[in-house]
Amino acid sequence: MRKYNVGIIGATGMVGQRFITLLANHPWFNIKVLAASSRSAGKPYLEVVGSKWAMKEPMPDIVKNMIIMDASEDIQEISDQVDFVFCAVNMPKDEVKKLEEAYAKAECPVMSNNSANRFTDDVPMIIPEINADHSQIIPFQKKRLGTKRGFIAVKSNCSLQSYVPAVNAFMKFGVSKVLACTYQAISGAGKTFETWPDMVDNIIPYIGGEEEKSEREPMKIWGAVKDGKIQLTNTPGITSQCIRVPVSDGHTAAVFVSFKDSCPDIQTLIDELESYQGEAQKLNLPSAPKQFLHYFTEDDRPQIKSERNLENGMAVSVGRLRKDSQYDIKFVCMSHNTLRGAAGGAVLMAELLCKQGYIDKK
């Protein structure tokens with residue numbers, strides 16, 4: 001059976017590189033096109049990236065000699081060669097929005113890692129284990145765009161993946177408010193310690209725009225499809241602080257939660273985490289972790305080094321769940337920010353949309 005042919009738009013950046021490692025041997029997807037800016041266009045991938053390859057895994061042979069196409073100028077040519085594209089470009093938001101819509105109007109579905117379209121009200125922002133049903137907005141988006149198969153779907157901010165899944169497991173008990181302090185790896189800024197030596201032995205207590213995303217994006221994830229739009233919810237209330245820490249990969253969150261009514265006992269909450277399954281697990285999607293949420297009973301877990309690659313970096317780790325004196329409960333979460341949080345989350349979203357029939361093979 002033929003695989004889906006895919007393109008990677010923004011293939012030379014860190015997230016683009018991560019897409020390449022995830023797709024090089026993917027059971028459903030075949031890398032057909034690599035695209036980047038005009039500066040890189042027309043050159044072999046190895047020549048452009050070379051020493052800038054930031055992944056721990058070696059560059060796959062299949063991409064080394066692929067000629068990079070121009071992401072902005074070759075839209076129709078790229079769209080004609082692929083079934084859909086992944087997009088991870090480093091451009092101003094208005095330009096990203098215009099670019100993604102141009103691919104969609106060229107009848108090419110776009111799986112976006114960018115933030116530009118996250119609050120376009122007919123663009124689904126999907127975490128497959130939480131809101132897989134938001135894909136039902138896609139026909140409304142196609143109608144607006146005037147397309148038959150082209151549309152845009154986005155994944156959420158990478159730091160949300162570290163704590164929103166655990167909070168989601170508790171939503172059935174009536175979560176009323178959440179405080180989340182995230183401690184974010186430097187790869188979230190597209191950096192390594194070699195390219196950002198100022199982060200060695202340092203913490204920066206500010207990440208531009210991150211706190212606003214952390215407080216607003218869950219409102220769309222927990223929202224509902226109604227009247228051709230995804231309508232945001234207004235509960236639970238979320239406040240956050242986001243801090244850059246000297247870690248290569250992996251975002252950690254310290255989370256505090258209160259409930260509208262009585263707080264369930266701790267073991268009930270732990271059982272809810274350990275038994276949680278989403279649509280990705282029910283459909284047995286290739287990139288889905290067998291167990292989405294892993295709970296650790298040790299006082300000093302989860303840790304970045306031991307847990308970030310759990311289930312190929314696609315699981316979320318939780319620990320230290322206990323009562324709190326100001327909120328009802330508190331706990332610690334952790335996830336791999338470029339796997340579950342970025343490229344891996346987009347690949348899983350694409351698998352879901354293929355399985356649901358929203359992406360077909362030409």
Side-chain angles (χ1 to χ4, degrees), residues 1-37 40-69 71 74 78-79 81-90 103 108-114 128 153 155 158 161 187 190 192 248-250 280 284-290 308-315 335-355 359 361-362:
M1 186 172 67
R2 179 179 78 78
K3 293 183 178 183
Y4 294 83
N5 286 324
V6 306
I8 302 172
I9 312 301
T12 58
M14 183 172 284
V15 177
Q17 293 177 26
R18 179 60 76 186
F19 273 124
I20 286 172
T21 65
L22 293 174
L23 297 171
N25 296 297
H26 194 280
W28 292 5
F29 304 148
N30 169 60
I31 302 173
K32 182 72 173 179
V33 171
L34 302 178
S37 70
S40 303
K43 302 173 185 177
Y45 189 77
L46 180 60
E47 178 185 328
V48 173
V49 178
S51 61
K52 298 177 184 176
W53 182 256
M55 300 295 103
K56 293 180 174 66
E57 307 93 326
M59 183 186 294
D61 290 337
I62 60 168
V63 302
K64 289 180 178 178
N65 296 315
M66 289 184 71
I67 303 300
I68 297 172
M69 298 185 71
D74 299 333
I78 291 168
S79 299
Q81 294 185 55
V82 301
D83 297 309
F84 67 94
V85 295
F86 293 99
C87 188
V89 294
N90 183 16
Y103 276 95
C108 181
V110 178
M111 305 294 105
S112 177
N113 188 73
N114 302 103
K155 54 151 291 296
C158 56
Q161 307 281 342
S187 57
T192 64
S248 57
D249 294 303
N284 195 30
L285 300 177
S287 299
K290 298 301 180 186
R308 65 183 162 199
N309 291 315
L310 193 63
E311 300 217 37
N312 298 314
M314 292 297 288
S335 65
H336 197 301
N337 58 296
T338 68
L339 288 170
R340 165 53 72 166
V347 171
L348 185 62
M349 178 176 68
E351 293 169 358
L352 172 72
L353 294 175
C354 288
K355 193 74 172 180
I359 302 175
K361 299 173 187 175
K362 291 179 180 177

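Remark: L339 CG to N312 CG distance equals 8.5 Å, nearest 0.5 Å. Of the inter-residue distances, the one linking Q81 atom CD with N5 atom CG reads 9.0 Å to the nearest 0.5 angstrom. Note: C354 SG to Y4 OH = 4.0 Å, rounded to the nearest 0.5 Å. Note that the CZ atom of R308 and the OG atom of S335 stand 12.0 Å from one another [nearest 0.5 Å]. Note that the OG atom of S287 and the CZ atom of R340 stand 9.5 Å from one another [nearest 0.5 Å]. In this structure, SG on C108 lies 8.5 Å from CG on D83, to the nearest 0.5 angstrom.
The shortest distance between side-chain heavy atoms of V110 and V85 falls below 4.5 Å. At a threshold of 4.5 Å between non-hydrogen side-chain atoms, the residues T12 and Y45 count as touching. Between D74 and V33 there is no side-chain heavy-atom pair separated by less than 4.5 Å. With a 4.5 Å cut-off on side-chain heavy atoms, N113 and F86 do not count as touching.
Not counting sequence neighbours, the partners of A153 by the side-chain contact (heavy atoms from CB on, under 4.5 Å) test are M111, P124, F151, M349, L353. Scanning for side-chain contact (heavy atoms from CB on, under 4.5 Å) contacts around K3 gives N30, with sequence neighbours left out. Listed by chain and number, the residues in a side-chain contact (heavy atoms from CB on, under 4.5 Å) with N90 amount to none (sequence neighbours excluded). When the ring-ring contact (aromatic ring centres under 6.0 Å, His included) test is applied to Y103, no partner is found at least two apart in sequence or on another chain. Among residues two or more places apart in sequence or in another chain, the side-chain contact (heavy atoms from CB on, under 4.5 Å) test is passed with P44 by E47, I67.
Across N337 and G250, no two heavy atoms sit closer than the pair OD1-N, 2.6 Å. Considering every non-hydrogen atom in both A288 and E351, the closest pair reads N-OE1, 4.4 Å. Nearest heavy atom pair, residue P128 against residue L348, reads CG-CG, 3.7 Å. The shortest non-hydrogen separation linking A88 to V15 is CB-CG1, 3.7 Å. Closest of all the heavy-atom pairs between T338 and S187 is CG2-OG, 3.7 Å. Scanning both residues, N114 and C87, for their nearest heavy atoms gives OD1-O, 3.2 Å.
The backbone N or O of L285 sits nowhere less than 3.5 Å from a side-chain atom of K355 that would complete a donor-acceptor pair. A distance-only check finds a donor-acceptor pair linking the side chain of E311 to the backbone of K290 [under 3.5 Å]. Within the 3.5 Å criterion, the main-chain N or O of G341 finds a donor-acceptor partner in the side chain of K155.
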Just distance, no hydrogens or angles: give the donor-acceptor pairs under 3.5 Å from side chains in residues 49-60, sequence neighbours left out.
unit_1 : atom_1 : unit_2 : atom_2 : d
W53    : NE1    : E57    : O      : 2.7
K56    : NZ     : D249   : OD2    : 3.4
E57    : OE2    : R18    : NH1    : 3.3

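Note: F29 and H26 have parallel aromatic rings, judged against thresholds of 30 and 60 degrees for the angle between ring planes.
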